[in-house]
Amino acid sequence: MTPVRVVVLDHTAQTGGAELALLRTVAALDPALVDVTVLLFADGPLVDRLRSVGARVQVLTLDPRVAGTDRHSLGRLSALRTVPFVARLARELRALAPDVVHTTSLKADLIGLLAGRLVRRPVVWHVHDRIATDYLPGPVARVIRLLARHAAAEVVVNSRATADTLLPLPRWTLAHPGLAPEQIGPDPIDRVRPPEPVVGIVGRISPTKGQLEFLAAAELLADRFPALRFRVIGDALFAEQEYADRVRSAAARPALSGRVEFTGWVADPGAELDRLTVMVHASPTPEPFGQVVAEAMARGVPVVATAGGGVDEIVRPVGEEPRGELVAAGDVAGLTEAIARALTDPDTAASRARQAWFGVRRDYPVERTAAILTAVWQRHARGSAPAASAAPGPTRWAPRPVSPGPAER
Ligand code: GLC
């Protein structure tokens with residue numbers, strides 16, 4: 001069988017969550033089945049990282065006034081300025097002659113749809129954002145929902161929570177962002193706990209990630225746990241410097257003085273996770289998926305997370321014991337108590353973290369994400385995707401059996 005030819009479109013080459021998920025997926029694709037080119041609308045660190053895993057990458061620069069990097073600038077996607085870019089993109093696509101165009105960011109979804117129409121190729125949307133008004137401007141959310149229903153050949157979602165913001169959809173597929181083998185730590189039964197407790201938050205410094213809520217909880221914990229230290233891992237990425245300044249001033253408050261460390265951007269989040277006693281996920285708005293939660297579990301680190309969005313699916317999988325503590329978004333007192341529980345009862349936290357490690361290893365291998373996407377592309381390449389109205393609901397994926405670990409049920 002000749003490999004299916006896919007062109008993946010993303011508007012940014014910054015390493016946001018969706019882009020890191022893409023990077024791992026591309027690395028896991030079977031070249032005998034998929035011939036992939038990633039076409040980015042900007043230059044940036046993702047280009048080299050994709051190339052380092054052997055991917056073919058092209059950059060076709062979109063006017064930065066059109067391609068602002070935060071999702072709120074989507075509303076400013078000016079139709080007129082976009083026209084010449086769509087034409088250039090269509091020319092590029094014609095030359096690449098893909099069977100399927102796959103888009104992985106909202107801007108790429110919209111632009112890719114137009115260019116895909118011009119070259120008459122099916123366009124699969126890979127949605128990593130909740131299409132909800134607590135997350136996007138209302139008119140933008142409405143347009144995206146409409147196009148997802150009527151114009152995309154198929155919609156792939158990163159979580160059930162994301163799907164819920166788009167349903168009803170004629171055809172959709174769930175593909176959780178996968179964990180690469182190197183992200184999975186050894187059996188946490190052998191995990192050496194840090195000698196001094198350290199509680200950390202990992203991710204871009206942004207109001208959507210809740211570093212301020214994390215530090216508010218830290219302030220309440222500081223007195224009760226005199227040896228406790230806090231780490232803010234990550235840096236501001238998408239024009240969020242003002243928020244980062246507020247986070248730094250919060251860390252400078254007297255109760256926290258000298259106890260909060262900022263690592264800045266880190267190349268190896270796994271090593272940072274290994275140093276933590278508890279990992280906190282504090283997003284005040286529901287996270288579409290929340291890769292860092294699964295990543296912490298893959299290292300055997302106890303997790304305290306704000307509920308909502310995809311995080312609920314990771315932390316409380318249906319029919320299983322919870323894999324961490326969930327607290328209500330914005331509830332600083334609840335967050336504080338949940339962290340305190342994990343610190344005062346480390347054995348319970350550790351045994352739950354070990355169950356979580358088994359769970360995420362089984363549920364989120366990146367090979368599965370790659371296999372699901374490959375099946376989607378093959379279906380559309382053959383043009384055999386069933387008529388939209390004939391196949392409501394998600395496409396089924398039969399998981400490959402994973403050899404059970406000792407504590408797996
Ligand atoms: C986006 C979402 C995040 C998700 C990631 C991968 O960055 O905001 O929740 O984990 O995509 O799907």
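Being a predicted model, the structure only gives us computed values, none of them experimental. Indexing begins at 1, ligand by ligand and atom by atom, following the structure's order. Heavy atoms only: backbone and side chains are in, while hydrogens, waters and symmetry mates are out.
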Purely on distance, is any nitrogen or oxygen of K209 under 3.5 Å from one on ligand 1?
-> no

Is R117 atom CZ crowded by more than 12 heavy atoms from other residues, nucleotides or ligands, each under 6.0 Å away?
-> no

Give the residue and atom name of whichever protein heavy atom lies nearest to atom 10 (O) of ligand 1, and the separation in Å to one decimal.
-> G290 N, 3.0 Å

Say whether A21, considering both its backbone and side-chain N or O atoms, lies within less than 3.5 Å of an N or O atom on ligand 1.
-> no

Within a distance under 4.0 Å of any heavy atom of A18, pick out the atoms of ligand 1 and give their elements.
-> 1 (C), 5 (C), 7 (O), 11 (O)

Of the protein's non-hydrogen atoms, which lies at the shortest distance from atom 3 (C) of ligand 1, and what is that distance?
-> E287 OE2, 3.4 Å

For Q183 and R24, test the side chains for any donor-to-acceptor distance below 3.5 angstrom and give the result as yes or no.
-> yes

Please determine if R231 forms a cation-pi arrangement with F262, meaning its NZ or CZ atom is less than 6.0 Å from the six-membered ring centre and no more than 45° off the ring axis.
-> no

Which atoms of ligand 1 are found less than 4.0 Å from any heavy atom of Y135?
-> 8 (O)

Name the one of E321, E325, E320 that satisfies salt bridge (Lys or Arg N to Asp or Glu O under 4.0 Å) with R323?
-> E320

With distance as the sole criterion, is a donor-acceptor pair present between the side chains of Q58 and T37 under 3.5 Å?
-> no

Could you grab the distance from atom CE of M297 to atom CZ of R354, nearest 0.5 Å is fine?
-> 15.5 Å

In Å and rounded to the nearest 0.5 Å, what is the CG to CG distance from L220 to L256?
-> 9.5 Å

The answer for which part of P288 has a heavy atom under 4.0 Å from ligand 1 is both

What is the nearest protein non-hydrogen atom to atom 2 (C) of ligand 1, stated with its residue, atom name and distance?
-> H128 O, 3.3 Å

Which residue owns the protein heavy atom closest to atom 5 (C) of ligand 1, what's the atom, and how far is it?
-> Q291 NE2, 3.7 Å

Atoms of ligand 1 less than 4.0 Å from P177 heavy atoms?
-> 6 (C), 12 (O)

Parallel, tilted or perpendicular: which describes the rings of F289 and Y364, with under 30° parallel and over 60° perpendicular?
-> perpendicular

Heavy atom of G16, distance to ligand 1 below 4.0 Å = no

